[in-house]
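One structure is given below, encoded as structure tokens.
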Amino acid sequence: MTNYGTIPSSSSPGTSTKLEYISRAKERVKAGLGTRQPWKVMFNFRSFNFPGNISEAVTRARTNIAYFTMNYALVVLIILFLSLLWHPISLIVFIVMAIAWVFLYFLRDEPLVVIGRTIDDRVVLLVLGVLTIVFLLLTHVTLNVLLSLLIGVILILIHGVMRKTDDLLLDEETTGLLSTAPAAGASVGAGSTSS
């Protein structure tokens with residue numbers, strides 16, 4: 001009776017391995033969802049305005065798409081899910097593909113390696129997206145899938161163009177854009193000083 005405040009130890013090894021698996025899964029979920037950007041940052045209404053010209057709109061869209069990739073993927077998947085609520089077979093296919101998305105894209109903390117080759121996240125995103133669309137189209141919900149994707153792309157483009165990028169904490173790992181940004185920034189800066 002002297003062990004009142006202690007945590008009881010499990011007598012069966014199966015229970016402890018299940019608990020370890022659950023705790024590892026929780027950590028992976030937190031880490032996987034941690035790579036997405038905070039929704040508060042994405043929808044900070046003070047950071048929205050019209051771009052000054054077409055080149056600024058394109059730059060904003062590219063930067064925001066690179067920065068909010070995980071968020072945009074979630075938005076498109078949610079729109080697709082909502083459009084399939086009245087099609088049970090398609091919804092089952094979507095749920096199976098969503099499980100593939102969770103394990104192959106959202107919860108991976110290490111690069112995907114296939115036959116000794118490292119697969120880039122953009123390739124995984126593209127392949128999973130194409131497979132999801134193809135499998136859903138095979139269930140005869142072509143119009144729903146196409147409209148959902150169109151709505152998702154329009155929302156992403158509107159957000160990408162309208163959201164300023166000045167307040168984003170950009171780094172090369174997140175966006176992959178900084179390796180080309182200094183050269184572009186130097187020529188823009190040089191052009192603006194001579195005007």
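Not measured: the values here are computed from a predicted model.
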So, for [X] and [Y], which heavy atoms are closest and what is the spacing to 0.1 Å?
X: Met97; Y: Leu128; answer: CE-O, 4.2 Å
X: Leu137; Y: Thr142; answer: CD2-CA, 3.4 Å
X: Glu56; Y: Pro51; answer: OE1-C, 3.8 Å
X: Leu136; Y: Thr139; answer: O-OG1, 2.6 Å
X: Gly152; Y: Ile79; answer: CA-CD1, 4.0 Å
X: Asn71; Y: Gln37; answer: ND2-O, 2.8 Å

Distance from [X] atom [atom1] to [Y] atom [atom2], nearest 0.5 Å?
X: Ile95; Y: Ser90; atom1: CD1; atom2: OG; result: 11.0 Å
X: Leu82; Y: Leu77; atom1: CG; atom2: CG; result: 11.0 Å
X: Lys164; Y: Asn44; atom1: NZ; atom2: CG; result: 8.5 Å
X: Phe81; Y: Leu91; atom1: CZ; atom2: CG; result: 5.5 Å
X: Ser55; Y: Arg60; atom1: OG; atom2: CZ; result: 11.0 Å
X: Ile133; Y: Leu80; atom1: CD1; atom2: CG; result: 8.0 Å

Margin query: Using side-chain contact (heavy atoms from CB on, under 4.5 Å), reason through Met70 and Val75 one step at a time and then give a plain yes or no.
Written below: CA-CA 9 Å; Met70 181 80 69; Val75 167; over 6 Å; no
Same apolar cluster: [X] and [Y], side chain cutoff 4.5 Å:
X: Leu146; Y: Ile154; result: no
X: Val76; Y: Leu131; result: yes
X: Val130; Y: Leu150; result: no

Next item on the list: Check the pair Asn64, Thr165 against side-chain contact (heavy atoms from CB on, under 4.5 Å), reporting the backbone distance first and the verdict last.
Entry: CA-CA 7 Å; Asn64 282 325; Thr165 58; 3.5 Å; yes
Next item on the list: Can you label the angle between the Trp39 ring and the Phe43 ring as parallel, tilted or perpendicular, going by 30° and 60°?
Entry: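 Geometry flag for Phe43 against Trp39: parallel rings.
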Less than 4.5 Å apart, side chain to side chain, heavy atoms only: is that true for [X] and [Y]?
X: Trp101; Y: Leu125; answer: yes
X: Thr118; Y: Leu112; answer: no
X: Tyr67; Y: Arg62; answer: no

Checklist line | Aromatic contact, His159 with Phe48 (centres under 6.0 Å) | finding: yes
Next item on the list: Mark yes or no for whether Asp121, through its side chain, and Tyr105, through its backbone, hold a donor-acceptor pair below 3.5 Å.
Entry: no
Check: So, does Asn144 use its side chain to make a donor-acceptor pair with the main chain of Leu84 at under 3.5 Å?
Finding: no
Next item on the list: Apply the test side-chain contact (heavy atoms from CB on, under 4.5 Å) to residues Phe50 and Val161: give CA-CA distance (whole Å), side-chain angles for both, the deciding distance (0.1 Å), then the verdict.
Entry: CA-CA 8 Å; Phe50 290 102; Val161 169; over 6 Å; no
